[in-house]
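Step one of this worksheet: look at the structure below.
Small disclaimer: the values here were computed from a predicted structure and weren't measured.
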Amino acid sequence: MTKNLDLQQIFSWLLADGMVEKPGVKAFYTQAQGILRNTAGSMHPLCAVAHCKILSSKPPHKQLTLDVLTEWLAQRARLPLYRIDPLKIDFTRVADVMSASYAARFNILPVEITADTLTVATADPFALEWEQEIARISRRSIRRVIANPLDIAQYTAQFFALAKSIKNASKSTGQDLALRNNFEQLVEMGKTNRQVDANDQHVINIVDWLWQYAFEQRASDIHLEPKRDIGNIRFRIDGVLHQVYQVPAVVMIAMTARIKLLGRMDVIEKRRPQDGRIKTRTAGGQEIELRLSTLPTAFGEKLVMRIFDPDVVVKTLPELGFPADDAARWDALTQRPHGIILVTGPTGSGKTTTLYTTLKALATSEVNVCTVEDPIEMVEASFNQMQVQPGIELSFADGVRALMRQDPDIIMVGEIRDLATAEMAIQAALTGHLVLSTLHTNDAPSAVMRLLELGVPYYLLEATVIGIMAQRLVRTLCPDCKEPGGELADDLWQGIGGIWNLPKPDHVYRPVGCPECRQTGFRGRTGIYELLTVTEPFNALVKEATDITALRKQAMADGMKPLRIAGAWKVMEGVTTAEEVLKVTAALG
């Protein structure tokens, strides 16, 4: 039997397997036929069945979505189900096996290639006329797997087009480099060639694909890392770096030049770090901002693009992960007319997101919100934002001094790095302004010790600092596939909830993995917070220059829940895992 799937065959199998009931089959068949006619036969019949939104006759009566139907078809055909993960496919190599037109003709896609075996994804398990020909051409045995027909169509178009662009870009850029020969050091020659590389249509296609692909994968950062002969492309997704692809070194040089050109950076200068920014749009039309940073390395310029989603600043505190009581205490602090509020944590812990979300809520038409940042993370129309410029001696301290003359109500200082900046922030708070800033410390009480170490007198801290919050980001379990994981080990629970003697939950959830989370079991991140509100007893300990342990004890007596306790509550709520909490709070001991 070597024929393409058709609706009649699909519905007869669904009926035979008890997936649908006989009384409703005719109506669903007619509906699916109409859907296929409207698409002039271009739609895969399995997609037409999925559009009917049929509920399975088998408990728990799930809707027969395309993923469910694909899994059912794999079981029917007795072939493995394959989830196409573009992060794990070397599309240049698999595109060498066949042409794009051949793959589209038979609705197949090569997904894995080894010395002896070629794995080919198909949604027509009984259409086999291509198999012998591909086995002969590739000189490998064929392993057929079943994949979602929409994924096959999407990635066939993407992989073959991108592989062609990379090959053509590599060829043209390689010719340019060969022409330069020993004249690489000549600036004028370099200017001409680099400009040509950056505007090559193949390079433009690769860069456009890279951005759209990063947006689809929910990446927060894109890394272009040059090596000796190749360039690595990596995405940071949910805080974890993933290898995406490798391109020839000459192609990465051209990609970097293209992106620098769009970011209005100096394309010729490669010896010093540079910063820039680009605004672009997703395939759905949403505006996205990219912050660019280059770094000279042994093999060329490393480029990192940080992706900023403008929807982040319109989230509420609970959406960021704040518990209700901490959100209420934070709101009370930010409504104070003057004082200093500090947010602490390592790089990448979400401090800027918290501050932007807070400022966005505070920036009404009656309030003047001014910021001084290095760099400006996201351009926001409701703020007055200033960029630190060390080259012209415009530091954080100079920026705050200038803002003081701009009649501000609220000032946000990107980071307190030195005594001069701390003193200007304190001066602003003493003269009736609300100041928000960040520090790099492990927990909230340590921020006080850090300011004392910078040289700030204790009596100025007592007069100005009203609240300190430390935070971390933990990966959240995928809601589509998480499942109860049994009882938590006593020693593991003791590590996160023991200090407050929290009752161990009867069961916790564990990651499983599904297409929605790329088989990782995690999707997205949420914040865990410890909020210290400064009280008179706490200030008394600061005055005595006591140790950090006494400060922590007093802060907890005043209502602060430590970061690990905040994480323990997330575990009890089924939001994350104990292992994830311990990993992100490891520095706390």
Does Q132 CD have over 12 foreign heavy atoms under 6.0 Å away?
no
Within 6.0 Å of CD in E216, more than 12 heavy atoms from elsewhere
yes
Which atom pair, heavy atoms only, marks the closest approach of [X] to [Y]?
X	Y	result
C514	D480	SG-CB, 4.1 Å
P45	L5	CG-O, 3.6 Å
H51	Q31	O-NE2, 4.2 Å
Y509	T577	O-CG2, 3.9 Å
R523	C517	CB-CB, 4.2 Å
A32	A48	O-CB, 3.9 Å

To the nearest 0.5 Å, what is the distance between [atom1] on [X] and [atom2] on [Y]?
X	Y	atom1	atom2	answer
C47	N148	SG	CG	6.5 Å
L290	F308	CG	CZ	9.5 Å
D238	E580	CG	CD	9.0 Å
R510	C481	CZ	SG	9.5 Å
W569	D326	CH2	CG	12.0 Å
D221	H223	CG	NE2	5.0 Å

Check whether any side-chain heavy atom of [X] sits under 4.5 Å from a side-chain heavy atom of [Y], and report yes or no.
X	Y	value
I113	R140	yes
K302	L224	no
I230	V247	no
L210	M255	yes
L64	M19	yes
I134	I142	yes
Y155	V111	no
M98	I108	yes

Would you please indicate if the ring centroids of W13 and F126 are separated by under 6.0 Å?
yes
Please find out if less than 6.0 Å separates the ring center of F28 from that of F11.
no
Got a donor-acceptor contact below 3.5 angstrom from the [X] side chain to the [Y] backbone?
X	Y	result
K164	F159	no
K482	G574	yes
D6	Q9	yes
H44	L46	yes
S141	T117	no
T476	G524	yes
Q243	N232	no
W211	I206	no
K504	L488	yes
E289	I307	no

Between the side chains of [X] and [Y], does any donor sit under 3.5 Å from an acceptor?
X	Y	answer
Q63	T65	no
Y82	E112	yes
Q201	N205	yes
W330	T358	yes
Y213	Q158	no
R564	T585	yes

Before you tell me yes or no, could you show the steps for Q75 and D17 under side-chain contact (heavy atoms from CB on, under 4.5 Å), namely the whole-Å CA-CA distance, both residues' side-chain angles and the distance that decides it to 0.1 Å?
CA-CA 11 Å; Q75 294 172 352; D17 292 346; over 6 Å; no
Should Y29 and Q8 be marked as a side chain to side chain donor-acceptor pair (under 3.5 Å) after you check the CA-CA gap, both sets of side-chain angles, and the distance that decides it?
CA-CA 8 Å; Y29 179 75; Q8 186 174 354; 4.7 Å; no
Would D325 and K561 pass as an ion pair if we require N to O under 4.0 Å?
yes
May I ask you to say whether K260 pairs ionically with E301, meaning some side-chain N is under 4.0 Å from a carboxylate O?
yes
By salt bridge (charged side-chain N to carboxylate O under 4.0 Å, His left out) - contacts of E131 (at least two apart):
R144
Determine, stepwise, if the pair V474 / R525 fulfils side-chain contact (heavy atoms from CB on, under 4.5 Å).
CA-CA 5 Å; V474 295; R525 291 190 290 176; over 6 Å; no
L7 and side-chain contact (heavy atoms from CB on, under 4.5 Å): which partner among L36, T30, I35?
L36
Output, in order, the C-alpha distance, side-chain angles, deciding distance and verdict of side-chain contact (heavy atoms from CB on, under 4.5 Å) for I259 and V207.
CA-CA 8 Å; I259 294 166; V207 171; 3.9 Å; yes
Going through the distances and angles, do T354 and Q471 end up as a side chain to side chain donor-acceptor pair (under 3.5 Å)?
CA-CA 9 Å; T354 299; Q471 67 178 82; 2.8 Å; yes
side-chain contact (heavy atoms from CB on, under 4.5 Å) between W493 and M572, intermediate numbers included:
CA-CA 10 Å; W493 181 251; M572 295 169 71; 3.5 Å; yes
